[in-house]
Amino acid sequence: MVVVFGKGLVKDYSNFRAVDNINFEINKGECYGFLGPNGAGKTTVMRMIYCFTLPTKGELKVFGMDVYKDARLIKAKVGVMPQDDNLDIDLTVIENLIVYGRYFDIPKKVSKTKAIKLLEFVGLVDKADISIQKLSGGMRRRLLLARALINDPELLILDEPTVGLDPHSRHILWDSLKVLKSKGVTIIVTTHYMEEAEEICDYVAFMESGRIIIVDKPLNLTKRFGGNLEKVFMKLTEKH
Amino acid sequence: MSLKKAIRVWQRHFTLYRKIFKSSLVLNFVDPILYLAALGLGLGFFIKDINGIPYLRFIAPGIIASSAMFATVYECTYGTYVRMHYQKTFDAILSAPINIYELITGEILWGATKSAFYGLSIIIVISFFGLVDSILIVLLIPILFISGVIFAQLSLIAVALVPAIDSFNYFYTLFITPMFLFSGIFFPLEGFPPIVSSIAFLTPLYHIVNISRALAFGELTIWEDLIWLLVVCLILTPVSYKLMKRRVMT
């Protein structure tokens, strides 16, 4: 089943073209990575998928629904873990989840139960009532993941989920993502860490200057170009 | 646009405010009490009355109006800017099923709530000092909500236009402070050339001060000023939404 379908997708900003006529298909239960140098258009693609910003041109369907018309219905089924830490710093760990759940019209009682489950899932349940200002960087990323899951999303969008984390924290997060994948959650991720892409992605799309230059399984790419995915990245981006 | 979704945004602000409410509420009273003490008592010692009204009683209703204004304007300039730019709260909200119009409406409703709430708390304080004659002053609270919508929208227009947070200095120095001084809170404007009253007529604070003073003295001569506020509220709505949408979405 196709969860996200993009065709001839274009996004123009006032003075440049961020996404330039791309096509892609993401299937249910897949983890799909958008890779590429800074400014390649990865974040813009994701922002269009979770209906933060509208495409300038082209077709984009999420769960078969049109992003131009059904943004609210799409958003209800999507969880977003942003690149910037935008937790509410004046609230406690669990309050962050409950307040966010309210945006999805989840009643407080339900979201409280859910929040505790999610905190168990990301290993923060003993921190539920402390201020988030006392959390480490890794814990804050895990809380952002828990927040993205408050609406039981079928599609999870992660923008550089492990940026700035130590290897241990990173592995904890990867393990959580693998559990979600095994439950059938579709995941879209951008990352600059090639070993992260190799670890969690079924497919990767390399982007440069707003275009997708190649899409394949990480293993196929490393076979075809030799070396690991980092070498592939270097080769692909020097060619263009 | 769903009002329910806008209220979700309002609820988020309310949840946060409740946490800091106790520590900030006392501070809210300091400013108006300072004005009343310094000007009302200090200057009032030399100015016995204005148009037959003891000076302290003359300025007290205006202080209610200006306190409500400052509460909204601080919230919807610095507060909104921090949420939008530094804390990226807007990005978090817009990733949920809430659209930009609902987000802006939530900001405005919250600003207006603060206006009404601060107005109410100042009314309680000055009534305690016996500076309000009439119970009609309670009618001021919903009217402060309306003027709060206006000040919230003006603040959001400033948010949409400033290049950086420091630039709010221009908004305060060139707009808010002159409006505060020349809105008829501290002295009637008749002493100035007519141009001053004409300019004051164009500012919202002047009208809310008129309304507050009338109600404090038990008069219902508020209709012209109220209509002015409602009309301006309607005029500002498309402007503030359009500019804020452009600022947030690009």
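In what follows, every heavy atom counts, from backbone to side chain, and hydrogens, waters and symmetry copies are set aside. Every chain is numbered from 1, with letters handed out A, B, ... down the list of sequences.
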Are more than 12 heavy atoms, taken from residues, nucleotides or ligands other than A:Arg211, located less than 6.0 Å from that residue's CZ atom?
no
Distance from B:Ser95 atom OG to A:Asn86 atom CG, nearest 0.5 Å?
7.0 Å
Could you tell me the separation between the CZ atom of B:Arg12 and the CG atom of A:Asn96, rounded to the nearest 0.5 Å?
9.0 Å
A:Arg102 side chain vs B:Arg8 backbone, donor-acceptor pair below 3.5 Å
no
Are B:Lys88 and A:Asp85 within salt-bridge range, i.e. N to O under 4.0 Å?
no
Got more than 12 heavy atoms from elsewhere within 6.0 Å of NZ, A:Lys28?
yes
Looking only at B:Met249, B:Glu102, B:Lys4, B:Lys19, the option with the highest number of non-hydrogen pairs under 4.5 Å against chain A is B:Lys19
Who among A:Asp105, A:Asp90, A:Asp84 has the most heavy-atom pairs with chain B under 4.5 Å?
A:Asp105
What's the separation between atom CD1 in B:Ile98 and atom CZ in A:Phe104, rounded to the nearest 0.5 Å?
8.5 Å
Exceeds 12 heavy-atom contacts within 6.0 angstrom, atom NZ of A:Lys178
yes
Contacting region of B:Ile93 [heavy-atom separation from chain A under 4.5 Å]:
both
Heavy-atom closest contact (B:Pro97 atom, A:Arg72 atom, distance):
O-NH1, 3.1 Å
Is any side-chain heavy atom of B:Leu94 closer than 4.5 Å to a side-chain heavy atom of A:Arg47?
no
Ordered numerically, the heavy-atom neighbours of chain A under 4.5 Å found in residues 142-173 of chain B are none
Neighbour count >12 (heavy atoms, 6.0 Å) for atom OH, A:Tyr193
yes
Test item: A:Tyr103 side-chain N/O and B:Ala92 main-chain N/O as donor-acceptor pair under 3.5 Å:
no
Crowding at NZ, A:Lys112 (>12 non-hydrogen neighbours, <6.0 Å)
no
Min side-chain heavy-atom separation A:Leu91-B:Thr15 under 4.5 Å:
yes
Applying a strict 4.5 Å limit to non-hydrogen atoms, the region of A:Ile89 in contact with chain B is side chain
